[in-house]
Amino acid sequence: MFNIGSYEERVKDFSWSIAEKELDYKDGDVINIGWYCTDRICQQGKADKLALIWEGKGGKEKRYTFNDARLAANTFGQFLRDQGVKPGERVCLFMDKIPELYFSFLGVLKMGAIAQPLFSAFGDESLKVRLDNSEATTIITQKKHVSKVRRILADMSYMKHVIMVDYDGRSPLREREVAFDLESATPVEDFTCEPTFAETPSVLHYTSGTTGQPKGVKHVHYSLISQYLTSKWVLDLQDDDIYWCTADPGWVTGTSYGIIGPWSLGVTQCVLDRGFSAEEWYRFIEKHRVSMWYSAPTAIRSLMKAGDELVTKHDMKCLRMLASVGEPLNSEAVIWSEKVFGLPFLDTYWQTETGSMMICNYPGMKVKPGSMAKPFPGITAAVVDSDTYEEITEPGQIGLIGFRPGWPAMMRTYWGNEETYKSKFKNGWYIPGDRATIDKEGYFWFVGRDDDVINTGGHLVSPFEVESALLEHEAVAESAVVSKPDVVNMEVVKAFVVLKAGFDPTDELELKIMNFIRKKLSPLAMPQETEYVKNLPKTRSGKIMRRLLHAQEWGEEIGDTSTLENEDD
Ligand code: PRX
């Protein structure tokens with residue numbers, strides 16, 4: 001029997017108080033995610049149950065019980081307090097998927113600060129703009145990443161503490177740096193959590209839009225209510241599950257469902273801190289007897305590419321549930337997974353901003369390969385007209401996805417950018433910026449994004465951010481960045497570059513430009529192709545028309561070009 005029981009029945013009498021009751025929470029009570037994920041689970045008699053099975057590079061393995069997790073979070077929390085970090089301050093977590101990342105996340109929440117996880121592969125510029133925006137007072141990092149912090153620290157007067165979790169004493173610590181070693185620190189048994197409430201900020205995740213700098217999505221402790229219940233009903237997490245969420249906590253999936261969801265349910269999870277390899281992934285599942293696996297379409301397509309035979313070399317019978325998020329899950333991937341694992345990947349649709357799953361396939365419900373299926377109980381979702389924002393009731397018509405605001409994990413604002421936050425609401429709907437259709441049976445089908453943001457391998461890339469990095473190179477006069485099709489990543493980044501006079505469009509120059517921007521951006525945002533052009537299509541008001549370049553790359557109709565300036569060129 002699945003946790004959700006009957007989807008239709010759940011929809012009929014749904015209230016978020018179901019989760020509140022299960023979590024013993026009443027309106028106005030203290031609610032702290034860090035406490036819920038550790039202390040409460042220990043109090044329920046699961047102190048000795050495994051919380052984390054971790055594998056790192058070189059086959060290193062570590063195991064932590066829920067009591068270990070509780071102590072580690074306490075020890076981080078206390079250390080931050082001792083440093084003088086105050087509730088409400090932003091603490092950036094800039095680490096690989098090491099155990100310290102998971103426990104410091106909970107420690108930050110326990111002491112009432114706001115966790116700002118950032119993907120450890122970010123280059124200097126990507127890191128700096130996100131820190132400048134949040135004005136984080138503290139960054140927790142590793143030796144291997146500290147050089148990036150050091151290069152930008154001089155311009156960051158707000159940053160008071162740079163905490164290194166693996167300092168080896170080989171070179172002296174610099175100004176503002178301090179070492180903290182979880183393994184040798186005295187575990188803090190008694191820690192009084194900051195009494196945080198439903199609306200106390202918890203996590204700040206950065207996400208990219210088409211224009212402007214990345215936006216800091218502010219979440220609050222009450223998000224737990226949605227994350228707990230969706231983990232229970234969609235991922236169907238049960239007490240004896242071994243769960244593997246492949247996402248990095250630098251992204252929202254890695255926190256909502258790679259920390260908060262499973263641990264608030266007291267479920268054991270695995271983490272693999274290594275690059276992708278199909279062979280490795282199957283070995284990992286087999287070795288740890290993973291039963292519930294939450295991944296992403298690009299990874300699934302990469303596994304498909306590695307072939308069916310590889311799957312048969314491993315015992316995959318431990319798997320009982322598969323789910324996916326981050327980009328469109330094509331029907332071929334669902335059909336393939338049914339063939340090789342005997343289970344479909346259940347597609348789930350949501351965003352950094354929504355904080356928890358919104359439109360999902362549910363265990364026990366009919367899967368239509370290629371469809372995101374139906375809104376989570378309690379979520380009012382529709383497809384709305386892009387001009388009037390009125391609901392489109394006719395099945396099959398394309399429109400913008402719209403959600404009625406009010407679920408617990410919804411973002412509360414964009415950090416320091418209330419105006420953009422407000423612009424996401426139209427006619428009473430929150431508009432996530434994606435297009436979809438709904439069929440006669442109420443199933444949602446993803447059509448595409450409604451902006452120029454590129455979704456490569458499940459990671460959103462702002463064309464603006466890449467263009468800005470390109471423009472900083474001395475040879476680049478203008479640039480436009482769009483997506484182009486890709487078999488595995490669905491889409492990848494392509495850059496069009498207009499050179500300044502005096503520079504020749506050579507391969508050597510391209511390499512120099514790429515090396516220049518590599519230091520600034522995340523590897524995910526790097527263009528896979530660069531094309532030199534003499535000029536870029538622009539509107540009469542001078543705005544670059546990425547739409548045209550996009551259409552050219554995807555072999556689509558170019559559409560209305562009446563506003564085009566250099567139409568006759
Ligand atoms: O365009 C949608 C796409 O990813 C966007 C959200 O990206 P992000 O905030 O980084 O969060 C990703 C993980 C929650 C959405 O606006 N997206 C996400 N899930 C799906 C999807 N597109 C199609 N199908 C999905 N299941």
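Atoms within each ligand, like the ligands themselves, are counted from 1 in listed order. Atoms considered below: every heavy atom in the structure, side chains included; atoms not considered: hydrogens, waters and symmetry mates.
The distance from atom CD of E55 to atom NE2 of H288, rounded to the nearest 0.5 Å, is 3.5 Å.
The distance from ligand 1 to the heavy atoms of T352 drops below 4.0 Å at these ligand atoms: 8 (P), 9 (O), 10 (O), 11 (O). Using a 4.0 Å cut-off to heavy atoms of G326, the atoms of ligand 1 that qualify are 3 (C), 4 (O), 17 (N), 18 (C), 19 (N), 20 (C), 21 (C). Atoms of ligand 1 lying under 4.0 Å from any heavy atom of N455, numbered from 1 in the order shown and given with element: 3 (C), 4 (O). Of all atoms in ligand 1, numbered sequentially from 1 with element shown, those under 4.0 Å from a heavy atom of R449 are 1 (O), 5 (C), 15 (C), 16 (O). Heavy-atom contacts of P328 reach the following atoms of ligand 1: 22 (N), 23 (C), 24 (N) (cutoff under 4.0 Å).
Within 6.0 Å of atom CD in E419, 12 or fewer heavy atoms from other residues, nucleotides or ligands are found, so the atom counts as exposed in its surroundings.
Residue-level proximity to ligand 1 for W350 is carried by backbone and side chain together, each with a heavy atom below 4.0 angstrom.
Between D132 and K128, at least one side-chain N (NZ, or NE/NH1/NH2) sits under 4.0 Å from a carboxylate O, which counts as a salt bridge. Look at E491 and R449 and you find no salt bridge, because none of the NZ, NE, NH1 or NH2 atoms lies under 4.0 Å from a carboxylate O.
Assignment of V325 to the shell around ligand 1 is supported, since a heavy atom sits closer than 4.0 Å. Residue contact check for ligand 1: G433 places no non-hydrogen atom closer than 4.0 Å to it. The shortest separation from a heavy atom of W251 to ligand 1 is not under 4.0 Å, leaving the residue out of contact.
From the protein, the heavy atom lying nearest to atom 25 (C) of ligand 1 is E327 O, 3.4 Å.
Side-chain atoms of T413 and E418 include a donor-acceptor pair closer than 3.5 Å.
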* **Chi angles and distances behind the side chain to side chain donor-acceptor pair (under 3.5 Å) call for T348, Y294** => CA-CA 10 Å; T348 65; Y294 194 27; 2.7 Å; yes

Please set out all donor-acceptor pairs under 3.5 angstrom arising from side-chain atoms of residues 338-346, sequence neighbours excluded.
unit_1: K339; atom_1: NZ; unit_2: D308; atom_2: OD2; d: 2.9

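Proximity annotation for atom 2 (C) of ligand 1: of V447, D347, D434, D434 comes nearest, heavy atoms only. Relative to atom 10 (O) of ligand 1, the option among T348, N330, L460, V252 with the closest non-hydrogen atom is L460.
Residue T253 has no N or O atom closer than 3.5 Å to an N or O atom of ligand 1.
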